[in-house]
Chemist: 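Quick one: the structure is below, and I'll ask about it shortly.
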Amino acid sequence: MRRDVFQAIADPVRRDIIQLLAEETLTINSVAERFDVSRPAISKHLKILEECGIIAINKQGRERYCQIRPKELIPAFLWIDQYKKLWEDKLDSFEDYLTKLQIRLSNEEANKSKK
């Protein structure tokens, strides 16, 4: 079964693994040591990430190294990016509302102190 990037990023442990591997290439053991889950569970997460094409696992001597393939995250980035303008507009609108509310409350306080 071919998995996709959205399946890979659906799990918080896999997102954390992606973050780790974005910073440096690590052995499978090094990845597993950083989590409070079993080694077999980490191996399963790594397998899914590999099936999705987000990481490559390369054998060097006795060690297997996990390396990020960030290009494979582009579809997820593009999908999320399409909502960027929507959220920016909503946050701008909320910021405008808070500013108006703050001005109104300041004016009310000023009027109370004049009385």
Chemist: Just wondering, are more than 12 heavy atoms of other shown residues or ligands nearer than 6.0 Å to CD in Glu95?
Modeler: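 It does not: Glu95 CD has 12 such atoms or fewer within range.
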Chemist: What is the distance from atom CG of Leu49 to atom CD1 of Ile57, rounded to the nearest 0.5 Å?
Modeler: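 Between Leu49 CG and Ile57 CD1, I get 8.5 Å after rounding to 0.5 Å.
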Chemist: Compare all side-chain heavy atoms of Val13 with those of Ile42 and state whether any distance is below 4.5 angstrom.
Modeler: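 Yes, side chains in contact.
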Chemist: Check whether Arg14 reaches the backbone of Ala8 with its side chain - one donor and one acceptor, N or O, closer than 3.5 Å.
Modeler: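 Between the backbone of Ala8 and the side chain of Arg14 there is a qualifying donor-acceptor contact (under 3.5 Å).
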Chemist: Does Glu50 pair with Lys44 as a salt bridge, N-O distance under 4.0 Å?
Modeler: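 Result for this pair is no, no salt bridge flagged.
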Chemist: So how far is it from Leu21 CG to Ile17 CD1, rounded to the nearest 0.5 Å?
Modeler: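 If we round to the nearest 0.5 Å, Leu21:CG and Ile17:CD1 are 7.0 Å apart.
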Chemist: Taking CZ in Arg64 as the centre, count heavy atoms belonging to other residues, nucleotides or ligands within less than 6.0 Å. Is the count above 12?
Modeler: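 Open.
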Chemist: May I have the step-by-step check of side-chain contact (heavy atoms from CB on, under 4.5 Å) for Phe35 and Leu20, ending in yes or no?
Modeler: CA-CA 11 Å; Phe35 294 90; Leu20 274 175; 3.5 Å; yes
Chemist: Between Lys59 and Glu63, does any side-chain N to carboxylate O distance fall below 4.0 Å?
Modeler: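 Answer for the salt bridge query: no.
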Chemist: Would a hydrophobic clustering, with Ile, Leu, Val, Met, Phe, Trp and Tyr connected at side-chain separations under 4.5 Å, put Phe6 with Phe77?
Modeler: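 No; Phe77 is not reachable from Phe6 via cluster members.
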Chemist: Enter the distance from Asp16:CG to His45:NE2 here, rounded to the nearest 0.5 Å.
Modeler: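 Output value for this atom pair is 10.0 Å.
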Chemist: Hey, what do you get for NZ (Lys84) to CG (Asp89), rounding to the nearest 0.5 Å?
Modeler: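 If I round to the nearest 0.5 Å, the distance is 11.5 Å.
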Chemist: Taking atom CD of Gln82 as the centre, report whether more than 12 heavy atoms of other residues, nucleotides or ligands fall under 6.0 Å from it.
Modeler: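 For Gln82, atom CD is crowded (more than 12 foreign heavy atoms under 6.0 Å).
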Chemist: Are Ile18 and Ile55 connected in the hydrophobic side-chain network, where two residues link if heavy atoms are under 4.5 Å apart?
Modeler: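 Same hydrophobic cluster.
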Chemist: Return the CG to CD1 distance between Leu73 and Ile54, rounded to the nearest 0.5 Å.
Modeler: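 CD1 of Ile54 is found 4.5 Å from CG of Leu73.
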Chemist: Test of understanding: with side-chain contact (heavy atoms from CB on, under 4.5 Å), list the residues that count as partners of Ile74, not counting sequence neighbours.
Modeler: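 Only Lys71, Leu78 meet the side-chain contact (heavy atoms from CB on, under 4.5 Å) criterion with Ile74.
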Chemist: So Ser106 and Glu109, do their side chains get closer than 4.5 Å, heavy atoms only?
Modeler: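 The answer is no; the side chains never approach within 4.5 Å.
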Chemist: Kindly indicate, with the supporting measurements, whether the criterion side-chain contact (heavy atoms from CB on, under 4.5 Å) is fulfilled by Lys47 and Glu51.
Modeler: CA-CA 6 Å; Lys47 181 180 178 190; Glu51 288 173 1; 3.0 Å; yes
Chemist: Does a donor on one side chain and an acceptor on the other come within less than 3.5 Å for Arg39 and Asn29?
Modeler: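 Side chains of Arg39 and Asn29: pair found under 3.5 Å.
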Chemist: Say you draw a straight line from CD of Gln67 to OG1 of Thr25; how long is it, rounded to the nearest 0.5 Å?
Modeler: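 Nearest 0.5 Å value for the CD-OG1 distance: 4.0 Å.
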Chemist: Verify the cluster assignment for Leu91 and Leu86: are they in a single hydrophobic cluster under the rule of side-chain heavy atoms below 4.5 Å apart?
Modeler: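 No, because Leu91 and Leu86 fall into different hydrophobic clusters, even though each may have its own neighbours under 4.5 Å.
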Chemist: Write down the atom of Ala76, the atom of Ile9, and the distance for their closest heavy-atom approach.
Modeler: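 Closest approach of Ala76 to Ile9: CB-CD1, 3.8 Å.
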Chemist: Please report the closest heavy-atom contact between Thr27 and Ser30, naming both atoms and the distance.
Modeler: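 Shortest heavy-atom separation between Thr27 and Ser30 comes out as OG1-OG, 2.8 Å.
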Chemist: Is there a side-chain contact between Ile48 and Cys52 (heavy atoms, below 4.5 Å)?
Modeler: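 With C-beta onward as the side chain, the pair touches.
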Chemist: For residues 83-111, which residue pairs qualify under ring-ring contact (aromatic ring centres under 6.0 Å, His included), counting only residues two or more places apart or in two chains?
Modeler: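 Found Trp79-Tyr83.
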Chemist: Walk me through whether Cys66 and Leu26 qualify under side-chain contact (heavy atoms from CB on, under 4.5 Å).
Modeler: CA-CA 5 Å; Cys66 306; Leu26 296 169; 5.5 Å; no
